[in-house]
Asks: 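Have a look at this one before I ask anything.
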Amino acid sequence: MANIATIEIDGKKYEFPLVKGSEDEVAIDIKALRSATGGVITLDPGYKNTGSCESAITFLDGEKGILRYRGYSIEELAEKADFLEVAYLLIFGELPSAEKLNKFHSDIKKHSVVDDDVKKILDAFPKSAHPMGVLSSLTSALTAFNPSSVNVESEEEMYNAIVRILGKFPILVAWTMRKKKGLPLYYGDSSLGYVENILKMMFKQPNEEKYEQNPILVNALDKLLILHADHEQNCSTSTVRIVGSSHAGLFASLSAGISALWGPLHGGANQAVLEMLEAIKEDGGDTKKYMAKAKDKNDPFRLMGFGHRVYKNFDPRAKIIKIAADEVLGDLGIEDPILDIAKGLEKEALEDSYFVDRKLYPNVDFYSGIIYRGMGIPTDMFTVMFALGRLPGWIAQWREMRLRKEPIGRPRQMYTGETERKFAPVNKR
């Protein structure tokens, strides 16, 4: 293959280098396009064909159903690693030794206290406020209590900023849910593992003398967080990078990522799944009726949680988390018509040739919503849990972008408005 691409405009040819990634991906390097052509740009709504950066963090092949973090398959990491190991891997590039992992966890715990004034900000929100709005605001507010900017040239300052947010973020998540449920705020237990402590902070009841950990729930949450930890350049991750490219701080960049994740086409998809299941229940719970509606091109109904815009074959994360979902529901023995409807839709989709032929299998959002409902997490907290898992990926992407000294993001546009026109004053009598 030639190492250049030729673009012809008005009979004139321009050559641009081809760049090859470590997994044989090919890109046309058009950094010089505007200067070489006198202002010509590419037009790519949604940036579906545009690579905004080079990154060594995550590899995704949607056609083959491959997802790897730093070269490790998601299947192997979900089976053998825990979330904190994966967080370290994503952020620093290599799996930690036992000594480094213990220090990492210890340093995170040292920074797990949130300023009391943050509680006042949380108190100011009504209970009806959406948890994602609360979480985004609280994350941004952390900047006020940690005002010094991070010197990215200093490994120590960068490391301290990372362990600080990894320590404080789970508290903000737990407090957001406890506020919604009317429970007193709780800091958790520093003797516990990272994920175990998250569960205790979220679910410990005021008069509960001893909180009993359920290993099946711990395992399921650990896997969910790992599966959501990064997903290369998506809406929220690219938002974190582009905000950070202005040299905005880590907390501010993360807050922007949370807001981007909020939408139902991105992180809000698992919430949309449960809202769909609720609507089916209200209409009588007939799954066959709704599968028929999903196949009807003229019906506006959309089946949420099936298929994926990136994975054209199967979502490798869904295969992993389906097992955890079955374990959680089996262990808890929950009788819930919503979960029964979910199982019915899953069975129909896996057996119906319409869905099988189109590879419209249940995705990770479908199963994560089922698990979170089974655990007793409110529906509008689902995207918050997604943010909790995605946190190390966002940190890794922000850190990589700053260390590589990437330029400030500044997309172009194609103007389609009015050409120059004269202003005609209105008679103001």
Side-chain angles (χ1 to χ4, degrees), residues 81-88 90-91 101-102 104-116 118-119 121-122 131-143 145-146 159-181 183-204 211 213-214 217-230 236 240 250-251 254-255 257-258 261 267 368 371-372 375-378 380-396:
D82 63 34
F83 177 60
L84 213 54
E85 286 179 283
V86 171
Y88 190 99
L90 285 168
I91 296 167
L101 183 62
N102 288 335
F104 190 47
H105 191 199
S106 176
D107 292 338
I108 287 169
K109 288 189 283 190
K110 288 176 187 174
H111 290 281
S112 62
V113 175
V114 175
D115 194 288
D116 282 343
V118 175
K119 292 181 181 178
I121 298 172
L122 180 61
M132 283 295 279
V134 175
L135 183 65
S136 177
S137 299
L138 295 180
T139 304
S140 184
L142 289 178
T143 307
F145 302 99
N146 302 270
Y159 179 82
N160 287 338
I162 290 166
V163 294
R164 188 176 295 122
I165 190 61
L166 285 169
K168 297 181 191 308
F169 199 79
I171 294 170
L172 301 184
V173 167
W175 283 6
T176 298
M177 189 178 97
R178 293 181 77 86
K179 159 89 175 181
K180 182 174 183 61
K181 288 192 164 187
L183 295 171
L185 305 185
Y186 176 64
Y187 264 118
D189 185 341
S190 62
S191 69
L192 294 174
Y194 193 77
V195 173
E196 288 90 341
N197 194 40
I198 291 169
L199 284 171
K200 186 171 183 178
M201 283 194 294
M202 292 177 71
F203 290 109
K204 186 180 185 300
Y211 176 79
Q213 292 282 352
N214 182 329
L217 296 187
V218 173
N219 177 65
L221 181 56
D222 200 64
K223 279 184 167 48
L224 272 172
L225 297 179
I226 289 172
L227 297 179
H228 282 131
D230 199 54
S236 60
V240 170
L250 176 58
F251 297 162
L254 293 173
S255 176
I258 293 165
L261 187 71
S368 64
I371 291 174
Y372 289 142
M375 293 171 70
I377 295 174
D380 57 5
M381 276 288 298
F382 289 0
T383 318
V384 169
M385 301 305 294
F386 193 155
L388 178 62
R390 185 55 54 88
L391 179 64
W394 287 336
I395 294 170

Asks: Looking only at heavy atoms, what is the nearest atom pair of A81 and I226, with distance?
Replies: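 In this case the closest contact between A81 and I226 is O-CD1, 3.6 Å.
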Asks: Taking C-beta and beyond as the side chain, do L185 and L122 meet within less than 4.5 Å on heavy atoms?
Replies: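 Yes, their side chains come closer than 4.5 Å.
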Asks: Check whether any side-chain heavy atom of P131 sits under 4.5 Å from a side-chain heavy atom of M177, and report yes or no.
Replies: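 The answer is no; the side chains never approach within 4.5 Å.
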Asks: For the atom pair CD1 (I258) and CG (L135), what is the distance rounded to the nearest 0.5 Å?
Replies: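 Output value for this atom pair is 4.0 Å.
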Asks: Specify the closest pair of heavy atoms between A229 and L90, including all atoms of both residues, with the distance to one decimal.
Replies: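 Closest heavy-atom pair between A229 and L90: CB-CD1, 3.5 Å.
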Asks: Would you please name every residue forming a side-chain hydrogen bond (donor to acceptor under 3.5 Å, both in side chains) with N214, sequence neighbours left out?
Replies: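 Applying side-chain hydrogen bond (donor to acceptor under 3.5 Å, both in side chains) to N214 gives D331.
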Asks: Kindly write out the residues that satisfy salt bridge (charged side-chain N to carboxylate O under 4.0 Å, His left out) with K119, not counting sequence neighbours, or none if the list is empty.
Replies: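 Residues passing salt bridge (charged side-chain N to carboxylate O under 4.0 Å, His left out) with K119: D116.
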Asks: Relative to the ring of Y159, is the ring of F104 parallel (under 30°), tilted (30 to 60°) or perpendicular (over 60°)?
Replies: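 F104 vs Y159 ring planes: tilted.
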Asks: Could I get the full list of side-chain hydrogen bond (donor to acceptor under 3.5 Å, both in side chains) partners for S255, not counting sequence neighbours?
Replies: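 Testing S255 for side-chain hydrogen bond (donor to acceptor under 3.5 Å, both in side chains), a comparison that skips the adjacent residues, returns S136.
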Asks: Can you name the nearest heavy-atom pair linking M375 to L217, along with the distance?
Replies: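 Heavy-atom minimum between the residues: CG-CD2, 3.9 Å.
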Asks: Once rounded to the nearest 0.5 Å, what's the spacing between atom CD1 of I162 and atom NE2 of H111?
Replies: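 Rounded to the nearest 0.5 Å, the CD1-NE2 separation comes out at 11.5 Å.
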Asks: Between CG of L224 and CD1 of I371, what distance do you get to the nearest 0.5 Å?
Replies: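 Going from the CG atom of L224 to the CD1 atom of I371 covers 4.5 Å.
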Asks: Taking salt bridge (charged side-chain N to carboxylate O under 4.0 Å, His left out) as the test, write out the residues that go with D380, two or more places apart.
Replies: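 Per chain and number, D380 pairs via salt bridge (charged side-chain N to carboxylate O under 4.0 Å, His left out) with K180.
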Asks: Only counting residues at least two apart or in another chain, list the ones meeting side-chain contact (heavy atoms from CB on, under 4.5 Å) with L101.
Replies: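 Scan of L101 (side-chain contact (heavy atoms from CB on, under 4.5 Å), adjacent residues dropped) gives L84, E85, P96.
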Asks: Flag the pair S112 / I171 as yes when at least one side-chain heavy-atom distance between them is below 4.5 Å, and no otherwise.
Replies: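 Yes, at least one pair of side-chain atoms sits under 4.5 Å.
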Asks: Suppose we screen for ring-ring contact (aromatic ring centres under 6.0 Å, His included). Which residues come up paired with W175, at least two apart in sequence or across chains?
Replies: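 Only Y187 meet the ring-ring contact (aromatic ring centres under 6.0 Å, His included) criterion with W175.
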Asks: I'd like to check the side-chain hydrogen bond (donor to acceptor under 3.5 Å, both in side chains) partners of K223; sequence neighbours left out, ordered by chain and number.
Replies: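 Scan of K223 (side-chain hydrogen bond (donor to acceptor under 3.5 Å, both in side chains), adjacent residues dropped) gives N219.
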Asks: Taking the side chain as every heavy atom from C-beta outward, state whether V163 and K110 have any pair of such atoms under 4.5 Å apart.
Replies: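 They are not in contact (no side-chain heavy atoms under 4.5 Å apart), so the answer is no.
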Asks: Is it true that a side-chain atom of K204 and a backbone atom of G188 form a donor plus acceptor pair closer than 3.5 Å?
Replies: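 No, K204 side chain to G188 backbone: no donor-acceptor pair under 3.5 Å.
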Asks: Taking side chain as C-beta onward, heavy atoms only, is V134 less than 4.5 Å from K179?
Replies: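 Not touching, per the 4.5 Å side-chain cut-off.
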Asks: Sequence neighbours excluded, which residues qualify as side-chain contact (heavy atoms from CB on, under 4.5 Å) partners of D115?
Replies: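 Testing D115 for side-chain contact (heavy atoms from CB on, under 4.5 Å), a comparison that skips the adjacent residues, returns D117, V118, F145.
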Asks: What's the shortest heavy-atom distance between R178 and P184, and which atoms?
Replies: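 Shortest heavy-atom contact: NE-O, 2.6 Å.
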Asks: Can you list everything that forms a side-chain hydrogen bond (donor to acceptor under 3.5 Å, both in side chains) with S236? Sequence neighbours excluded, please.
Replies: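 If we apply the side-chain hydrogen bond (donor to acceptor under 3.5 Å, both in side chains) test to S236, skipping adjacent residues, the hits are N234, H266, W394.
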Asks: Check residues 193-203 and write down every donor-acceptor pair under 3.5 Å in which the side-chain atom is one partner and the other belongs to a residue at least two apart or another chain.
Replies:
from : atom 1 : to   : atom 2 : distance (Å)
Y194 : OH     : L166 : O      : 2.7
N197 : OD1    : D189 : N      : 2.6
K200 : NZ     : D189 : OD2    : 3.3

Asks: Which value, rounded to the nearest 0.5 Å, describes the distance between I91 atom CD1 and I395 atom CD1?
Replies: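 If we round to the nearest 0.5 Å, I91:CD1 and I395:CD1 are 4.5 Å apart.
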Asks: Under the rule for ring-ring contact (aromatic ring centres under 6.0 Å, His included), what residues qualify as partners of F169, not counting sequence neighbours?
Replies: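 Expected list: none.
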Asks: Find out whether L388 and P170 are in side-chain contact, i.e. whether some heavy atom of one side chain is under 4.5 Å from a heavy atom of the other.
Replies: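 Yes, their side chains come closer than 4.5 Å.
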Asks: Just so I know, are the side chains of S368 and H228 near enough to count as touching, which here means a heavy-atom distance under 4.5 Å?
Replies: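 They are in contact (side-chain heavy atoms under 4.5 Å apart), so the answer is yes.
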Asks: Not counting sequence neighbours, which residues clear ring-ring contact (aromatic ring centres under 6.0 Å, His included) with F251? List them please.
Replies: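 With neighbours one apart ignored, the set is empty.
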